[in-house]
Structure formats: C-alpha cells, structure tokens
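Counting convention: from 1, in listed order, for ligands and their atoms alike.
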Amino acid sequence: MVLSETAERIKSMEIRGAGRIARAAALALADYAGTLDTSDPDVFRREMRNAADTLTGTRPTAVSLPNAVRYVMRALDSFESVEAGRSAVVRQAAAFVEESEHAIGRIAAIGARHISDGDVLMTHCNSEAALSCILEAHRQGKELEVYATEVRPRGQGLVTIRALNDAGIKTNYIIDSAVRYFINDVDLVFVGADAIAVNGAVVNKIGTAQIAHAAHEARTNVIVAAETYKFAPRTILGELIEIEERDPYEVLPREEAERLPFVRVRNPAFDVTPAEYIDLIVTEQGAIPPGLAFTVIRDYLGWKIEELR
Ligand SMILES: O=P(O)(O)OC[C@H]1O[C@H](OP(=O)(O)O)[C@H](O)[C@@H]1O
C-alpha cells in the first residue's frame with residue numbers, strides 16, 4: 001500500500017486503535033523503503049525521514065505512533081548502502097510488529113489474572129489490549145458480564161460489543177452518559193490507553209476520565225491495559241501530550257451546524273485521567289501502579305536521566 005494511503009487511512013480512523021496504528025505505520029515505512037529508487041544513502045535517509053514525518057503527523061495523541069516510527073527509523077542510525085538500509089528497515093518493522101502482537105498476548109495473560117469469576121466489568125471504546133484481557137478471562141472459564149459504552153461520536157463501542165457477542169459474553173451496551181447510572185453494578189473497569197505520561201496519567205478515548213471519576217466515587221478499581229510503547233518519554237521533559245480535536249462534523253452534520261452560527265462544536269478525541277483514578281497499569285512486562293510509569297519509560301523505552309540533559 002502506498003505510504004500516503006496508509007497515512008490517510010490512519011487520519012480518517014479507517015485504521016484505528018493505538019496498537020493497530022503503530023503496526024500499520026511500521027509496515028508502511030517498510031513498504032516505502034522498498035519503493036525508494038535511489039542508490040544515494042543521503043537521499044534514501046531524507047526520503048525515509050519525510051515518510052516518517054508524514055505518518056507521525058496523522059494523529060497527534062497516540063504516542064504508540066511516533067514510538068513505533070522511532071523504533072523502525074533506528075534502523076537508519078548507520079548503514080553502509082541503500083540496500084543495507086532497506087533491509088534494516090524491513091527487519092526492524094517486522095520486529096516491531098512481532099513484538100507488538102506478542103505484547104497483546106502477554107497483557108491478556110497478566111490482565112486476566114486481575115479478573116475474578118463472576119466479575120461485572122466495564123470497558124470503554126475499542127481497545128485491543130483491554131479486550132484481550134477480558135476475552136482471556138472468559139477463555140479461562142470465568143463467568144463475566146460486561147458493560148460496554150457506545151463511544152460517541154465514532155461509535156467504536158460497536159466493534160467491542162460485536163467481539164464480546166462473538167465470544168458469547170453477556171454484554172450491556174450503554175450510552176456514554178449512562179456510565180454513572182450503572183457504575184455501582186460494576187466490579188472492575190478495564191480500558192486501554194493511547195498514551196501514558198511519566199506521572200502515570202493516562203490518555204485514552206474521550207469519556208475515560210469521567211468513567212474513572214465515577215469509578216473512584218463508587219470505590220470501583222480501574223485497570224488500564226497498555227503496551228510499553230504507549231508510554232510517552234517526552235513527558236519526562238514536561239511536554240504535554242497533545243489532545244487531538246477532530247472534525248466537528250463527526251458530532252453534528254454540516255447542514256445542521258451551518259444553521260447555528262453562534263454554536264461551536266467541540267470534538268476532542270481523548271481525555272486525560274489523573275493517576276489517582278487509576279489503580280493498575282497492565283503492560284506486557286508486568287503490572288505496575290501508575291506511580292511507577294517512569295520505570296517503564298526508563299527501562300523499556302531507553303530513556304535514561306543522562307539522555308535528558
Ligand atoms: O491499542 P488499543 O488497545 O487497541 O487501543 C487503545 C486506544 O486507542 C483508541 O483510540 P482510537 O479509537 O484509535 O481513536 C481508544 O482510545 C483505545 O482505548
């Protein structure tokens with residue numbers, strides 16, 4: 001697939017989910033490296049950097065995307081020839097995809113341990129990582145019931161309830177604003193993440209913070225399932241994670257919006273849940289309290305203190 005096509009499919013959310021976006025970007029770089037018709041290493045490196053920038057510019061919040069691109073582009077830190085560079089990019093992209101898919105399996109195994117037989121769970125949006133924990137607990141024979149939210153305006157909850165239905169899991173499909181209405185029936189909230197900051201704050205689909213707040217009030221634990229490559233190294237430097245604000249016409253059709261000149265439609269795609277509303281973060285390397293997020297960045301994303309000077 002042409003790189004620009006992958007970039008467009010990520011931007012339009014045809015390719016969505018922080019993990020899927022990361023894998024699609026890695027493979028797009030590998031494909032692109034194969035198409036570059038040059039024998040000049042400098043031209044090759046420049047064109048690959050342009051491609052990397054195109055991909056990372058598609059969705060600003062999910063740090064899995066720049067982390068994946070950075071991981072693949074490390075193949076070009078030093079290479080003797082274009083052919084060597086091309087092969088290195090393809091190998092690095094394949095390695096990322098394999099590790100990313102393996103991570104989901106590890107997260108499922110670790111996350112399922114925190115789900116008890118008879119639990120009533122709540123999940124939000126469509127997170128491959130969070131869903132893998134729920135499906136694994138079900139596969140282990142644990143009796144489960146799930147509340148899944150609709151997730152306005154793009155309706156990712158439909159993807160989730162289809163997967164839960166296909167697995168034969170008793171599911172309640174609710175509108176986003178019904179979370180606090182049902183939260184007292186829920187034993188555990190399980191969600192994914194698009195980014196995790198060094199202080200343990202979790203960026204995820206809009207509405208997650210409200211769910212976590214309602215869960216905190218109801219003394220219901222909140223578990224976040226996320227691969228280590230969703231942790232955001234640059235938040236160590238105090239950088240904030242950009243919250244993507246998407247097309248207002250996803251919320252209100254253009255013809256209606258144009259009849260309301262005094263109305264501005266706001267459409268943030270994510271929000272930030274403070275660490276104090278998160279009880280556990282399950283990664284493929286193990287489960288940590290949000291206060292230990294820095295150790296993941298230090299130990300798995302290669303960011304040591306000296307690199308920040
Ligand atoms: O990587 P996985 O766990 O699949 O998804 C992580 C998060 O990415 C999704 O964002 P979007 O629907 O792509 O905007 C949701 O916010 C989901 O929780």
With heavy-atom distances below 4.0 Å as the criterion, list the atoms of ligand 1 near [X].
X    : answer
R59  : 11 (P), 13 (O), 14 (O)
M13  : 14 (O)
C125 : 12 (O), 15 (C)
F270 : 10 (O), 14 (O), 16 (O)
E128 : 2 (P), 3 (O), 4 (O)
G19  : 1 (O)
K230 : 1 (O), 2 (P), 3 (O)

Write out the residue and atom name of the closest protein heavy atom to [atom], then the distance separating them to 0.1 Å.
atom                    : value
atom 12 (O) of ligand 1 : R16 NE, 2.8 Å
atom 17 (C) of ligand 1 : N204 OD1, 3.5 Å
atom 5 (O) of ligand 1  : A18 N, 3.5 Å
atom 7 (C) of ligand 1  : D194 OD1, 3.3 Å
atom 14 (O) of ligand 1 : K205 NZ, 2.7 Å
atom 6 (C) of ligand 1  : A193 O, 3.3 Å
atom 3 (O) of ligand 1  : S127 OG, 2.7 Å

Quiz item: What class does the angle between the rings of F79 and F44 fall in, given that below 30° is parallel, 30 to 60° is tilted and above 60° is perpendicular?
Solution: perpendicular
Quiz item: Are E227 and ligand 1 in contact, using a heavy-atom cut-off of under 4.0 Å?
Solution: no
Hey, are [X] and [Y] close enough for a salt bridge, meaning a charged N less than 4.0 Å from a carboxylate O?
X    : Y    : value
R180 : E217 : yes
R246 : E244 : yes
E5   : R9   : no

Quiz item: Does R91 reach the side chain of S87, with side-chain heavy atoms less than 4.5 Å apart?
Solution: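 Yes, side chains in contact.
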May I ask you to check if ligand 1 and [X] share an N or O to N or O distance below 3.5 Å?
X    : value
G17  : yes
A129 : yes
I21  : no

Quiz item: L158 pairs by side-chain contact (heavy atoms from CB on, under 4.5 Å) with which of R162, Q156, R154?
Solution: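 When side-chain contact (heavy atoms from CB on, under 4.5 Å) is applied between L158 and each of R162, Q156, R154, only R162 qualifies.
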Practice problem: Among V63, V198, N67, V296, find the one that has a side-chain contact (heavy atoms from CB on, under 4.5 Å) with P233. | Solution: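 The residue from V63, V198, N67, V296 that satisfies side-chain contact (heavy atoms from CB on, under 4.5 Å) with P233 turns out to be N67.
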Heavy-atom donor-acceptor pair, [X] side chain to [Y] backbone, under 3.5 Å:
X    : Y    : result
D187 : D119 : no
N126 : G157 : no
K142 : A112 : yes

Practice problem: Could you tell me whether the side chains of T228 and E284 share a donor-acceptor contact shorter than 3.5 Å? | Solution: yes
